[in-house]
Amino acid sequence: MEATALTQPTSLIDPFGRSVDYLRLSVTDRCNLRCTYCMAEEMTFLPKQQILSLEELRDAATAFVELGIRKIRLTGGEPLIRRDILKLVSSLSALPGLDELTMTTNGLLLPTMAQPLKDAGISRLNISVDSLKAERFKQLTRVGDLSQVLEGIHAANAVGFGKIKLNAVILAGFNDDEVIDLARFAVDNGMDISFIEEMPLGEISSHKRVNTQITSAQIHEQLAAQFTMVDSAETTGGPSRYMRVANSDSKVGFISPMSNNFCESCNRVRMTAEGRLLLCLGNQDSLDLREILRSHPGDAELLKHKIVQAIGNKPERHHFDPEQVDIVRFMNMTGG
Ligand code: SAM
Ligand code: SF4
């Protein structure tokens with residue numbers, strides 16, 4: 001696609017003065033796991049024609065980058081099961097103006113894909129692992145083999161990505177007894193780790209979300225009893241805060257969408273695999289970019305104009321209530 005002259009502002013500023021420079025791009029709603037907190041056991045996935053093609057994803061990403069997006073994280077569903085993911089990575093990593101292309105993955109396919117991903121231009125990875133106990137991991141993911149994920153983590157480490165970050169969703173009464181072990185695993189392997197509060201996205205049958213809530217403050221309390229935790233000013237924007245583990249290279253992130261609202265510094269938007277621009281994880285507001293991409297193919301200016309308009313509707317903050325599940329949107333649809 002040819003670069004076109006910008007007629008819109010070069011940066012995306014929302015009505016609350018927040019500069020949006022970070023896009024999470026979901027490339028598929030499908031997954032090779034079925035994590036209980038993320039999906040129902042039986043899921044209906046989107047028909048292929050509703051998913052953006054490689055070219056549409058690239059055109060949308062190009063428009064965002066021309067408007068001032070500096071970092072893109074590829075996610076899903078599981079991004080590594082998308083056919084042609086390496087082609088997409090290669091074309092996005094070449095976009096002028098994009099500072100960083102990263103990915104969040106469950107790690108299962110990394111043993112074979114870590115090196116090609118790095119070669120194609122992914123600079124850093126977040127790898128999700130919620131338990132280091134094989135049986136529990138299988139229960140939580142319904143089908144997963146922990147040894148494959150661990151192999152994937154080690155493969156990614158060996159390839160020499162920037163600092164790897166592990167993601168762990170903590171569920172009270174299920175894996176909250178592994179907070180220390182997960183943190184130690186990260187420290188021992190020179191990685192960072194973020195602990196995530198479970199969000200009520202999608203109706204699930206495995207557990208009542210209200211019973212599994214645990215706050216970042218409770219997780220921090222556990223960690224502080226074992227490690228010396230040092231405040232850190234580092235931030236990536238959005239609902240997370242970081243601390244350092246003393247005498248280590250590791251940072252611990254606390255992602256607290258439920259207990260603590262850091263929306264005032266939110267710098268991100270999301271695009272779903274079907275091309276819906278979500279302005280906030282906890283709100284329904286969205287813009288159908290697929291419709292624009294398909295009805296006006298190649299019209300980059302129109303696309304950018306619509307994106308700028310949509311940023312003007314970015315909500316000030318989200319309002320999650322674990323008792324009130326958003327029944328429509330599962331996290332695999334939303335793009336984590
Ligand atoms: N499949 C990839 C993975 O698991 O890393 C990428 C997509 S996944 C939706 C992205 C992140 O969202 C994962 O770290 C996952 O644990 C997290 N996640 C999924 N459902 C969630 C929920 N209901 N609340 C909080 N985090 C959730
Ligand atoms: Fe798949 Fe990631 Fe959701 Fe687990 S959290 S089911 S790995 S998309």
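Counting starts at 1 for both ligands and their atoms, following the listed order. Numbering of residues begins at 1 and proceeds along the displayed sequence.
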What atoms of ligand 1 come within less than 4.0 Å of a heavy atom belonging to [X]?
X	result
T75	6 (C), 7 (C)
E197	25 (C)
C38	19 (C), 20 (N)
S128	3 (C), 4 (O), 5 (O), 13 (C), 14 (O)
N106	2 (C), 3 (C), 5 (O)

Just let me know how I127 lines up against ligand 1, side chain, backbone, both or neither, with a heavy-atom cut-off below 4.0 Å.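 It is neither part, as no heavy atom is under 4.0 Å.
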Check each heavy atom of T104 against ligand 1 and say whether those closer than 4.0 Å belong to the side chain, the backbone, both or neither.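 Both backbone and side chain of T104 come within 4.0 Å of ligand 1.
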Honestly, is R136 close enough over F174, meaning NZ or CZ under 6.0 Å from the six-membered ring centre and within 45° of the axis?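 Yes, a cation-pi geometry.
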Should the pair [X]-[Y] be classified as a salt bridge under the 4.0 Å nitrogen-to-oxygen rule?
X	Y	result
D14	K314	no
D99	K71	no
E301	K304	yes
E198	R209	yes
E100	R124	yes

Closest to atom 7 (S) of ligand 2 (judged by heavy-atom distance), picking from L140, V169, N106, V129: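 Among L140, V169, N106, V129, the closest heavy atom to atom 7 (S) of ligand 2 comes from N106.
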Have a look at L117 and tell me which of V159, L110, T112 forms a side-chain contact (heavy atoms from CB on, under 4.5 Å) with it.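 Of V159, L110, T112, side-chain contact (heavy atoms from CB on, under 4.5 Å) with L117 is met by L110 alone.
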I need the single residue from L303, I72, L277, L25 that forms a side-chain contact (heavy atoms from CB on, under 4.5 Å) with F64. Which is it?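 The option that passes is L277.
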Before signing off on this row, confirm whether [X] and ligand 1 have an N or O atom pair separated by under 3.5 Å.
X	result
E78	yes
E198	no
G76	no
T105	yes

Less than 4.0 Å is my threshold; does some heavy atom of R209 fall inside it relative to ligand 1?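 Under 4.0 Å: yes for R209.
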Check whether any heavy atom of G77 sits under 4.0 Å from an atom of ligand 1.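 Judged by the 4.0 Å heavy-atom criterion, G77 does count as contacting ligand 1.
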Tell me whether G77 reaches ligand 2 (any heavy atom closer than 4.0 angstrom to a ligand atom).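 Within the 4.0 Å threshold, so yes.
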Side chain, backbone, both or neither: C38 near ligand 2, heavy atoms under 4.0 Å: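 The answer is the side chain of C38.
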With a sphere of 6.0 Å drawn around CD of E135, does it hold more than 12 non-hydrogen atoms of other residues, nucleotides or ligands?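 No, CD of E135 has 12 or fewer neighbouring heavy atoms, counting only those of other groups under 6.0 Å.
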Within a radius of less than 6.0 Å around CD of E42, do more than 12 heavy atoms belonging to other residues, nucleotides or ligands occur?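 Check fails, neighbour count at 12 or below.
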Could you walk me through whether L92 and L88 satisfy the side chain to side chain contact (heavy atoms under 4.5 Å, CB included) test, starting with their C-alpha distance in whole Å, then the side-chain angles of each, then the deciding distance to 0.1 Å, before giving a yes or no? CA-CA 6 Å; L92 298 193; L88 180 69; 4.0 Å; yes
Taking both backbone and side-chain atoms into account, decide whether C31 has an N/O/S atom under 2.8 Å from atom 1 (Fe) of ligand 2.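 Short answer: yes, at least one N, O or S atom is under the cut-off.
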